[in-house]
Amino acid sequence: MGDNTGPKSAYELAMERLRKQDKAAGVERQVVTEAQKAAVAEVRSVYDAKLAQIEVIHQGQMAATFDRNERAVLEEGYRRDRERITSERDAKVAKARGAHPG
């Protein structure tokens, strides 16, 4: 993108603006290594499986339950489990990327 061989696409112009905004805000670009990419992929794979597992369990419970109150309780528990698992996944991805050491 450093050479001026022709007109820039809207994407290239937008990326330049974002880089300028980041630079002005003091945000540094972090290069992710292949090992970090592999670690992130592994974390995502494990947590995608956990999310799929609780989805299957939840669907089975919902199919077996017709009581409105019980369904509401199941929905709330499912929502909390998804939030917890998603939060754990995001924290482990950040750690794998080196964003939050420790």
Side-chain angles (χ1 to χ4, degrees):
M1 282 195 236
D3 61 27
N4 292 322
T5 58
K8 294 182 180 178
S9 70
Y11 172 79
E12 290 170 323
L13 292 171
M15 292 305 294
E16 279 184 11
R17 275 195 303 269
L18 289 172
R19 280 191 290 275
K20 286 179 184 176
Q21 288 174 355
D22 285 350
K23 188 174 182 179
V27 175
E28 291 184 32
R29 190 166 177 213
Q30 183 180 11
V31 178
V32 181
T33 66
E34 289 302 316
Q36 289 171 322
K37 287 179 186 178
V40 167
E42 176 65 22
V43 168
R44 288 188 186 280
S45 175
V46 166
Y47 280 87
D48 284 349
K50 287 182 180 189
L51 288 169
Q53 181 181 23
I54 67 163
E55 172 73 19
V56 168
I57 291 169
H58 175 68
Q59 291 301 322
Q61 290 173 330
M62 293 300 283
T65 304
F66 298 103
D67 180 77
R68 243 185 212 179
N69 293 330
E70 193 173 335
R71 289 177 72 87
V73 169
L74 290 172
E75 283 291 338
E76 180 61 24
Y78 173 66
R79 185 192 59 76
R80 274 194 316 264
D81 287 345
R82 280 193 60 83
E83 287 177 3
R84 178 184 50 79
I85 290 171
T86 302
S87 178
E88 286 175 13
R89 180 201 61 205
D90 293 346
K92 288 189 179 188
V93 165
K95 186 176 179 181
R97 285 184 177 150
H100 296 92

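Note that the structure is predicted; figures quoted are calculated from it, not measured. Side chains included, hydrogens not; waters and symmetry mates left out as well; all remaining heavy atoms used.
For the atom pair CZ (Arg17) and CE (Met15), the distance works out to 11.0 Å, reported to the nearest 0.5 Å. Between atom CZ of residue Arg44 and atom CG of residue Leu51 there is a gap of 11.5 Å, rounded to the nearest 0.5 Å.
Under a hydrophobic-cluster definition in which Ile, Leu, Val, Met, Phe, Trp and Tyr are linked whenever side-chain heavy atoms come within less than 4.5 Å, directly or via other members, Leu13 and Leu18 are assigned to different clusters. Under the 4.5 Å side-chain heavy-atom criterion for Ile, Leu, Val, Met, Phe, Trp and Tyr, Ile85 and Val40 are members of the same hydrophobic cluster. Val32 and Val93 are not part of a single hydrophobic cluster, where members link through side-chain heavy atoms under 4.5 Å apart. There is no path of hydrophobic side-chain contacts, each under 4.5 Å, that joins Val73 to Ile57.
For residues 19-41, no residue pair satisfies the ring-ring contact (aromatic ring centres under 6.0 Å, His included) rule, not counting sequence neighbours.
Nearest heavy-atom pair across Lys92 and Val43 is CB-CG1, 3.7 Å.
Remark: Arg79 pairs with Glu76, Glu83 by the side-chain hydrogen bond (donor to acceptor under 3.5 Å, both in side chains) rule, at least two apart or across chains.
Looking at Asp81 and Arg84, a side-chain N of the basic residue comes within less than 4.0 Å of a carboxylate O on the acidic one, giving a salt bridge.
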Sequence neighbours excluded and cut-off under 3.5 Å, please list the side-chain donor-acceptor pairs for residues 58-67, or say none.
from, atom 1, to, atom 2, distance (Å)
His58, NE2, Glu75, OE2, 3.1
Gln59, NE2, Glu55, OE2, 2.9
Thr65, OG1, Gln61, O, 2.8
Asp67, OD2, Asn69, N, 3.2
Asp67, OD2, Glu70, N, 2.8

Worked check of salt bridge (charged side-chain N to carboxylate O under 4.0 Å, His left out) between Glu16 and Arg19: CA-CA 5 Å; Glu16 279 184 11; Arg19 280 191 290 275; 5.1 Å; no
